[in-house]
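Read the structure below first, then the notes.
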Amino acid sequence: MPPVEVVFSWPNSIDEIPQALWTLRHQIKLYVLIKYFSANDKVWGSFFLVRDLFIIYFIYSKLFEILTTIWGYGLFGSINKLYRSISSYISPKILSLPFIKSKIAKELNNTITKIEKEIIKNSDDLKQFKELPTNGLSADVVESELIKLQNLKHSDWNNGRVSGAVYHGGNELLKLQSEAYNQYSVANQLHPDVFPGVRKMEAEVVAMVLDIFNAPKTGCGSTTSGGTESLLLTGLAAREFGRRVKGITKPEVIAPITIHAGIEKACYYFGMKLHKVNVDPKTYKVDIKKVKRLINSNTVLLCGSAPNYPHGIIDDIEELSKLAVKYNIPLHVDACLGSFIVSFLESSKVHGDRKLPLFDFRLPGVTSISCDTHKYGFAPKGSSIIMYRSPELRKYQYYISSDWTGGMYGSPTLAGSRPGALMVGCWATLVNIGKDGYRESCYSIVSATMQLKKEIEKNPILSKYLEVIGDPLGSVIAFKVKSSQQKNLSIYELSDLLSKKGWHFATLQNPAALHFALTRLTVPVLDELIADLVSSTEEAIELTHKHGSKTGDTAAMYGIAGSIHTAGIADRVIVAFLDTLYKT
Ligand SMILES: *Cc1c(COP(=O)(O)O)cnc(C)c1O
């Protein structure tokens with residue numbers, strides 16, 4: 001065994017750390033080999049070899065984790081991260097001290113009672129079922145019960161006053177979709193031999209959506225039950241691609257803080273570490289420099305939104321694509337919300353000659369895109385598309401079992417059996433509306449959004465107190481209170497007042513803000529929206545002066561945000577909310 005020169009130089013600057021780590025890994029391999037081959041006693045030599053390998057592996061992986069964290073988040077960022085993880089470990093322990101615990105339990109119970117009152121609606125003339133009825137009810141009775149259930153007090157979506165939720169709402173389309181459901185209610189995509197027509201329609205739906213996102217010839221995808229399933233699948237495919245092709249065992253995902261919670265869910269379900277990157281404080285697009293710093297040899301996926309849910313802002317996908325190409329890492333673009341708005345922005349010419357950013361498969365780094373057909377595609381709920389640049393990546397989302405006792409099994413998405421009728425409803429919608437229809441919808445919805453934006457920026461009252469977040473190009477607009485006016489207007493107070501007038505804005509946090517996703521139903525009531533926004537702002541200013549900026553139901557939920565989060569109290573409220581959904 002010839003002597004081997006071991007050369008390791010300490011990094012001179014922070015930029016050299018990844019390189020140094022890389023050489024260190026090789027040095028360690030060399031060291032171990034030399035030690036093994038130069039040992040006299042091969043038995044003891046092997047023992048030492050195994051022991052040393054364990055120790056070195058442990059130290060190396062810890063060192064890698066610490067250094068990449070400091071490298072990615074900076075020294076302050078890392079200390080902050082450490083502080084937060086320690087406090088989220090300690091605070092629940094403090095809060096479980098007996099006298100604090102009972103106080104919190106009382107507060108929590110109050111909140112839960114409020115939530116239940118809000119959510120659980122019932123009425124004396126409804127039949128109650130805690131178990132199956134002994135004798136089945138006749139179809140007539142069931143139908144009349146359904147009508148009564150529909151009349152329980154609820155937010156009215158028909159009048160366009162709800163952000164998102166119902167995107168089209170036209171009677172003709174609803175009729176067509178019900179017809180499609182009627183005809184295909186027994187269909188299941190698990191059985192393409194029994195339902196060949198459904199298979200054909202599903203393949204066509206995917207092809208039509210690939211086309212509007214400018215996929216190359218190799219483009220492919222599948223239909224899913226919704227945006228979240230699309231995001232779960234893209235996460236799974238990226239993890240498996242990383243593991244099987246690159247040998248990555250500790251997968252990491254990098255996404256903006258504004259990415260949809262579905263990506264967090266994917267990381268939670270599939271055991272991946274999620275790095276959430278701040279957005280630029282001016283543009284509200286993901287900070288590209290920070291994304292770059294977080295990339296390391298464990299990165300399996302980069303993400304961006306077109307646009308994101310909170311602020312309706314399209315990330316700088318062109319720059320993300322460059323990083324994806326440079327480091328050879330898959331890049332997912334979440335166009336779940338953008339769907340048939342973002343893909344028709346260019347051809348609808350709603351922004352005139354303004355040069356629009358690219359976000360789709362025309363960018364070489366984009367490897368997957370999710371698009372919710374059940375949002376601005378106007379399909380019935382339970383429908384989304386996950387697209388890939390090539391089948392190479394798609395195959396990693398498949399589940400394959402060739403030796404299952406039940407037969408050779410394969411399933412393309414999360415579910416086994418799938419409700420074919422929903423997919424047929426989607427197909428019927430897409431071919432019924434067509435490119436012209438979507439272009440026209442895009443034009444009218446985005447024009448209305450831009451009009452609302454202009455009003456917030458120009459109206460004397462609105463422009464004095466409120467500020468639009470970033471430069472939204474699509475159908476979603478978010479705004480917050482100007483930092484100089486925080487004491488004079490509580491955004492959550494404004495939200496409560498708007499609710500009283502029947503307007504359902506979505507509430508956001510960090511920063512506290514409201515957003516509205518305009519739909520076809522909102523376009524005709526835009527003037528009312530603007531008038532109510534102005535009058536509610538005036539009223540909210542008055543109320544804020546009277547009560548301070550931390551009152552009101554919504555403010556109470558978010559008010560003392562920081563502390564309720566670290567203490568895990570916010571989590572308990574959400575669990576209580578979810579439990580409420582299943583109370584009879
Ligand atoms: C709606 C949405 C999703 C997916 O949500 P689902 O409720 O599962 O359809 C994903 N990303 C964004 C940006 C969204 O707005």
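Throughout, residue positions are numbered sequentially from 1 according to the sequence presented. These numbers come from a predicted model, not from an experiment.
In this structure, Phe195 CZ and Met423 CE are separated by 11.5 Å, a value rounded to the nearest 0.5 Å. With rounding to the nearest 0.5 Å, the separation of CG in Leu232 from OG1 in Thr228 is 6.5 Å. With rounding to the nearest 0.5 Å, the separation of OG in Ser536 from CG in Leu494 is 6.0 Å. Atoms CD and CG, on Gln177 and Asn432 in that order, are 8.5 Å from each other to the nearest 0.5 Å. The line from CD of Glu455 to CG of Leu466 is 11.5 Å long, rounded to the nearest 0.5 Å.
Here the side chain of Glu318 pairs a donor or acceptor atom with the backbone of Leu358 at under 3.5 angstrom. With Asn308 contributing its side chain and Gly312 its backbone, the two residues share a donor-acceptor pair below 3.5 Å. Distance alone, capped at 3.5 Å, places no donor-acceptor pair between the Glu467 side chain and the Val481 backbone. Under the 3.5 Å distance criterion, the side-chain polar atoms of Lys121 are matched with a main-chain donor or acceptor of Glu118. In this structure, the side chain of Asp315 engages the main chain of Ser305 through a donor-acceptor pair within 3.5 Å. With hydrogens and angles disregarded, no donor-acceptor distance shorter than 3.5 Å links the side chain of His311 to the backbone of Ile469. Side-chain atoms of Lys148 come within 3.5 Å of backbone N or O of Asp125 as a donor-acceptor pair. Looking at Thr373, its side chain does come within 3.5 Å of a backbone N or O of Ser383 through a donor-acceptor pair.
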**Message:** What verdict does the side chain to side chain donor-acceptor pair (under 3.5 Å) test give for Gln397 and Ser222, after you've listed the backbone C-alpha separation in whole Å, the side-chain angles of each residue and the deciding distance to 0.1 Å?
**Reply:** CA-CA 10 Å; Gln397 77 166 42; Ser222 61; 3.0 Å; yes
**Asked** Under the side chain to side chain donor-acceptor pair (under 3.5 Å) criterion, do Glu229 and Ser384 qualify, and how do the steps go?
**Response** CA-CA 8 Å; Glu229 187 180 352; Ser384 167; over 6 Å; no
**Request:** Could you check Asp211 against Lys435 for salt bridge (Lys or Arg N to Asp or Glu O under 4.0 Å), going step by step and ending with a plain yes or no?
**Result:** CA-CA 11 Å; Asp211 170 60; Lys435 280 187 176 164; 3.0 Å; yes
**Message:** For His332 and Leu302: C-alpha separation, side-chain torsions, deciding distance, then whether side-chain contact (heavy atoms from CB on, under 4.5 Å) applies.
**Reply:** CA-CA 6 Å; His332 179 75; Leu302 305 179; over 6 Å; no
**Prompt:** salt bridge (Lys or Arg N to Asp or Glu O under 4.0 Å) between Glu539 and Lys501: does it pass, once the steps are laid out?
**Reply:** CA-CA 12 Å; Glu539 289 162 44; Lys501 292 180 185 165; 3.1 Å; yes
**Prompt:** Yes or no on side chain to side chain donor-acceptor pair (under 3.5 Å) for Glu107 and Asn110, after CA distance, side-chain angles and deciding distance?
**Reply:** CA-CA 5 Å; Glu107 289 280 320; Asn110 285 343; 5.0 Å; no
**Derivation and outcome, side chain to side chain donor-acceptor pair (under 3.5 Å), residues Ser447 and Ser444** = CA-CA 5 Å; Ser447 300; Ser444 64; over 6 Å; no
Show me the donor-acceptor pairs within less than 3.5 Å that the side chains of residues 163-173 make with the rest of the protein, sequence neighbours left out.
| residue | atom | partner | partner atom | Å |
| --- | --- | --- | --- | --- |
| Ser163 | OG | Ala517 | N | 2.9 |
| His168 | ND1 | Gly170 | N | 2.9 |
| His168 | NE2 | Arg520 | NE | 3.4 |

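Applying the side-chain hydrogen bond (donor to acceptor under 3.5 Å, both in side chains) criterion to Thr224, with sequence neighbours excluded, gives Ser230. For the salt bridge (Lys or Arg N to Asp or Glu O under 4.0 Å) test, residues two or more places apart in sequence or in another chain that qualify with Asp436 are Arg439. Annotation: ring-ring contact (aromatic ring centres under 6.0 Å, His included) contacts of Phe516 (sequence neighbours excluded): Phe505. A search for side-chain hydrogen bond (donor to acceptor under 3.5 Å, both in side chains) contacts involving Lys130 returns Thr584, not counting sequence neighbours. In this structure, Ser138 has no side-chain hydrogen bond (donor to acceptor under 3.5 Å, both in side chains) partners at least two apart in sequence or on a different chain. Looking at residues two or more places apart in sequence or on another chain, you find a side-chain contact (heavy atoms from CB on, under 4.5 Å) between Glu528 and Arg161, Trp503, Val525. In this structure Ile120 satisfies the side-chain contact (heavy atoms from CB on, under 4.5 Å) test together with Glu116, Thr580, Lys583, sequence neighbours excluded. Under the side-chain contact (heavy atoms from CB on, under 4.5 Å) criterion, Ser484 pairs with Lys482, not counting sequence neighbours.
The pair Lys453-Glu457 counts as a salt bridge, with a side-chain nitrogen and a carboxylate oxygen less than 4.0 angstrom apart. By the 4.0 Å N-to-carboxylate-O rule, Arg354 lies close enough to Asp471 to be salt-bridged with it.
Each of Val277, Ile257, Thr258, Asp280 was checked for a side chain to side chain contact (heavy atoms under 4.5 Å, CB included) with Val286, and the lone residue meeting it is Val277.
Ile313 is listed as a side-chain neighbour of Pro472, based on a closest heavy-atom distance under 4.5 Å. Annotation: side chain of Phe378 is not in contact with side chain of Leu430 (no heavy-atom distance under 4.5 Å). Residues Pro380 and His374 have side chains not in contact (no heavy-atom distance under 4.5 Å, counting atoms from C-beta outward). At a threshold of 4.5 Å between non-hydrogen side-chain atoms, the residues Thr522 and Thr519 count as touching. Contact check for Asp360 versus Ile369: side-chain heavy atoms found under the 4.5 Å cut-off. Between Val350 and Met450, the closest side-chain pair of non-hydrogen atoms is not below 4.5 Å. Using a 4.5 Å heavy-atom cutoff, the side chains of Gln189 and Thr223 are in contact. Under the 4.5 Å side-chain criterion, counting only non-hydrogen atoms from C-beta, Ile341 is in contact with Ser475.
Side-chain rings of Tyr438 and Phe340 approach one another, their centers coming within less than 6.0 Å.
Side chain to side chain, Ser368 and Thr234 meet the donor-acceptor criterion of an N or O pair below 3.5 Å. Side chains of Ser370 and Asp334: a donor on one and an acceptor on the other come within 3.5 Å. Using modelled atom types and a 3.5 Å distance limit, the side chains of Gln485 and Asn488 yield a donor-acceptor pair. Looking at Ser339 and Asp372, their side chains never bring a donor and an acceptor atom within 3.5 Å of each other. For the residue pair Asn278 / Asp287, no side-chain donor-acceptor distance below 3.5 Å is found, with atom types taken as modelled.
Residue pairs meeting the salt bridge (charged side-chain N to carboxylate O under 4.0 Å, His left out) criterion with at least one partner in residues 339-351, sequence neighbours excluded, are Glu346-Arg362. Residue pairs satisfying the side chain to side chain donor-acceptor pair (under 3.5 Å) criterion with at least one member in residues 259-269, sequence neighbours excluded, are listed as follows: Glu264-Lys276. Sequence neighbours left out, the pairs with a member in residues 198-208 that pass salt bridge (charged side-chain N to carboxylate O under 4.0 Å, His left out) are Lys200-Glu204, Glu202-Arg418.
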